[in-house]
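Residue numbers start from 1 in every chain, and the chains themselves are labelled A, B, ... in the order their sequence lines are given, proteins ahead of strands.
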Amino acid sequence: MARWVLHVDLDQFIAAVEILRRPELAGLPVVVGGRGDPTERAVVSTASYEARAFGVHSGMPLKLAVRKCPEAVFLPVDGPAYDEASAVVMEAVRAHPGAVVQVLGWDEAFVGIETPGPDVAEAVAHAEAIRAEVLEASLLHCSVGVGDTTVRAKIATDFGKPRGTFVLTRENWFEVMGERPTTALWGVGTRIAARLAAHGYDTVRQLADASDDVLAAEFGPRMGPHYGRLGRGLGATRIDDTPWVARAHGRETTYQSNLTDEGEIAAAIGSLSAQVVEDIRREGRACARVHLKVRFAPFFTTTRIRKLAEPTWDAADIAATALELLRDLGDDRPIRLLGVRAEMVPPVGGYEPPRTTGRGGPAASPPRD
DNA sequence: TCTGGGGTCCTAGGACCC
DNA sequence: TCTGGGGTCCTAGGACCC
């Protein structure tokens, strides 16, 4: 018997959902982001493959996207539509025989599979079946990475895109990844890569061979060795389908014109706090700590945290604490962005694994003792 | 070009207690 | 006068992912 990790990832998910309900957009460059107005301060959530051919990609300001591709169709983000499509997809994945499913976001999930024999072809057969089942249920195409760890499966998916399957295991890890830059790893961004490069670790293979002592001295006793393991493709081999429990909910808004007026700022914090309270009420857990995030013009962002004397459900308490945090900053530059986050009282007994799911979260977290 | 909005986790250092 | 070592709690800040 062998254990495999599959990573299922929908192709251009958000754009695909939009094209599904507006078939006349098929084959056109489609860019989804913000309110769909490329003159506003907002960024691209997803671009269709046709738009990507013009150099448009996720995270790019809409203002830049429209320059790169003036003929693109710009659409607003419609979260509820993606929630609905995602639910259909995940239901199809969960229905696959033997699948243990850990959802990572709207458009991706890990699937644990056990096969009778050791041959990876058996895992690939599951991957192909899941792709067909997802397509049948949702009319959406996906790609699947097959691996012997979460890290390898996750990275494999990119090589399978679009509409394909790719296998990445101990057997071909270094052959495929060894000479690639460390940023090709899930969990290594440009900052970490720069610090690794300062020690002479530029490629995945160099990181894999790095000394744990050097890594620990640079990144700490937990994260250092963790990066070494990433370089070797190591990660979880077993998928945990424990439902994810939110730690916090937050709301933030980038204002089309900067805020300077005190009353305007207080009103903005009040509105954000009210939205946050709606979200934590749905969870049934009170707010224990308030986080304030502020981006001052031109582009300086900072956050502050304050624990509340007593957990609260009251938006006015949260707003008052957020305003206090802002006042304590003593910075009166114009504000581009405000965010209020409510960190919730942990459930009795603390949080169960998995810790790294929900939308976002550090990709492959180091193991905890 | 001008940088969203939703998240999670790690590290470091200070305060405080024993 | 000089001041250990362990533990916990808290905040600030950084990093990453989708």
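- Taking atom CD of residue A:E108 and atom C1' of nucleotide B:dG7, one finds them 13 Å apart after rounding to whole Å.
- Within the structure, a side-chain polar atom (N or O) of A:K307 is placed less than 4.0 Å from OP1 or OP2 of C:dC10.
- Distances shorter than 4.0 Å separate none of the side-chain N or O atoms of A:R222 from OP1 or OP2 on B:dC9.
- Of the candidates C:dT11, B:dT1, C:dC17, the closest approach to any side-chain atom of A:I305 belongs to C:dT11.
- Here A:R295 lies in heavy-atom contact (under 4.0 Å) with sugar-phosphate atoms only.
- Nearest nucleotide to the side chain of A:R341, out of C:dA15, B:dT8, C:dC17: B:dT8.
- With distances taken from any side-chain atom of A:R195 to the nucleotides C:dA12, B:dT1, C:dA15, the minimum falls on C:dA15.
- Two residues, A:D279 and A:S45, neighbour DNA chain B, and the one matched to the more 5' nucleotide by heavy-atom proximity is A:S45.
- Of the candidates B:dG6, B:dC2, B:dG4, B:dG4 carries the atom nearest the A:V43 side chain, counting heavy atoms from C-beta on.
- The residue A:A248 sits close only to the backbone: its heavy atoms come under 4.0 Å of sugar-phosphate atoms, none of a base.
- Within the 4.0 Å cut-off from OP1 or OP2 of C:dG13, at least one side-chain nitrogen or oxygen of A:T302 is found.
- Nearest nucleotide to the side chain of A:A246, out of B:dT8, C:dG13, B:dT3: B:dT8.
- Comparing A:E252 and A:A217 along DNA chain B, the residue whose closest nucleotide (by nearest heavy atom) sits nearer the 5' end is A:E252.
- Residue-environment remark: CD (A:E264) exceeds the threshold of 12 foreign heavy atoms within 6.0 Å.
- A:L215 approaches A:A210 most closely through the heavy-atom pair CD1-CB, 3.9 Å.
- Contact annotation for A:T253: backbone-only contact, meaning every heavy-atom pair under 4.0 Å involves sugar-phosphate atoms and none involves a base.
- Among the heavy atoms of the strands lying under 4.0 Å from A:G189 are primed sugar atoms or P, OP1, OP2 only; no base atom is included.
- Residue-level contact check: A:V188 touches the backbone only, with heavy atoms under 4.0 Å from sugar-phosphate atoms and none from bases.
- Residue-environment remark: CD (A:E24) exceeds the threshold of 12 foreign heavy atoms within 6.0 Å.
- Contact annotation: A:H249 does not reach the phosphate of B:dG6 (side-chain N/O to OP1 or OP2, under 4.0 Å).
- To the nearest angstrom, P of C:dA15 lies 16 Å from CG of A:L215.
- Checked against B:dT3, C:dA15, C:dG13, the side chain of A:T303 finds its nearest nucleotide in C:dG13.
- Applying the 6.0 Å contact sphere to CD of A:E136 captures no more than 12 heavy atoms from other residues, nucleotides or ligands.
- Checking B:dG6, B:dT3, C:dC18 against the side-chain heavy atoms of A:P61 singles out B:dT3 as nearest.
- Counting all heavy atoms, side chain and backbone alike, A:L292 lies closest to A:A322 at CD2-O, 3.7 Å.
- A stacking contact links A:F299 to B:dT3: the aromatic ring centre lies within less than 5.5 Å of the base's six-membered ring centre, and the planes differ by less than 30°.
- Rounded to a whole Å, the NE2 atom of A:H291 is 12 Å from the C1' atom of C:dA12.
- A close approach under 4.0 Å does not occur between any side-chain nitrogen or oxygen of A:R289 and OP1 or OP2 of C:dC10.
- Between A:R41 and the phosphate of B:dG4, there is no side-chain N or O to OP1/OP2 separation shorter than 4.0 Å.
- Not one side-chain nitrogen or oxygen of A:R191 sits closer than 4.0 Å to the OP1 or OP2 atom of C:dG14.
- If you measure from atom CG of A:L338 to atom P of B:dG6, you get 12 Å, rounded to the nearest angstrom.
- In this structure, A:L62 atom CG and B:dG5 atom P are separated by 11 Å, rounded to whole Å.
- For C:dG7, the paired nucleotide is B:dC16, the pair qualifying as Watson-Crick or G-U wobble because both relevant distances are below 3.5 Å.
- At a threshold of 4.0 angstrom between heavy atoms, the contacts of A:K293 with the nucleic acid are absent.
- When each of C:dA15, B:dG5, C:dC17 is scored by its nearest atom to the side-chain atoms of A:T254, the top-ranked nucleotide is B:dG5.
- Comparing C:dC18, B:dT3, B:dG6 against the side chain of A:R251 picks out B:dG6 as the nearest.
- Among the nucleotides B:dG7, B:dC2, B:dG5, the one closest to the side chain of A:W244 is B:dG7.
- Following rounding to the nearest Å, A:L337 (CG) and B:dG5 (P) show an atom-to-atom distance of 6 Å.
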Exercise for review: Report the C-alpha distance between A:R152 and A:W186 in whole Å, list the side-chain angles of each, state the deciding distance to 0.1 Å, and finish with yes or no for side-chain contact (heavy atoms from CB on, under 4.5 Å).
Suggested key: CA-CA 9 Å; A:R152 292 185 181 131; A:W186 183 39; over 6 Å; no

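- Rounded to an integer number of Å, the gap from A:Y82 OH to B:dG7 P is 17 Å.
- As rounded to whole Å, 15 Å separates atom C1' of B:dG4 from atom CG of A:N258.
- Listed pair A:R247 / B:dC9 meets the phosphate criterion, a side-chain N or O lying under 4.0 Å from OP1 or OP2.
- Ionic pairing of A:E278 and A:R282 is present here: one or more N-O contacts between side-chain nitrogen and carboxylate oxygen are shorter than 4.0 angstrom.
- Of the P atoms belonging to C:dC17 and B:dC2, the separation is 26 Å, rounded to the nearest Å.
- Within a 6.0 Å sphere centred on CZ of A:R21, other residues, nucleotides and ligands contribute more than 12 heavy atoms.
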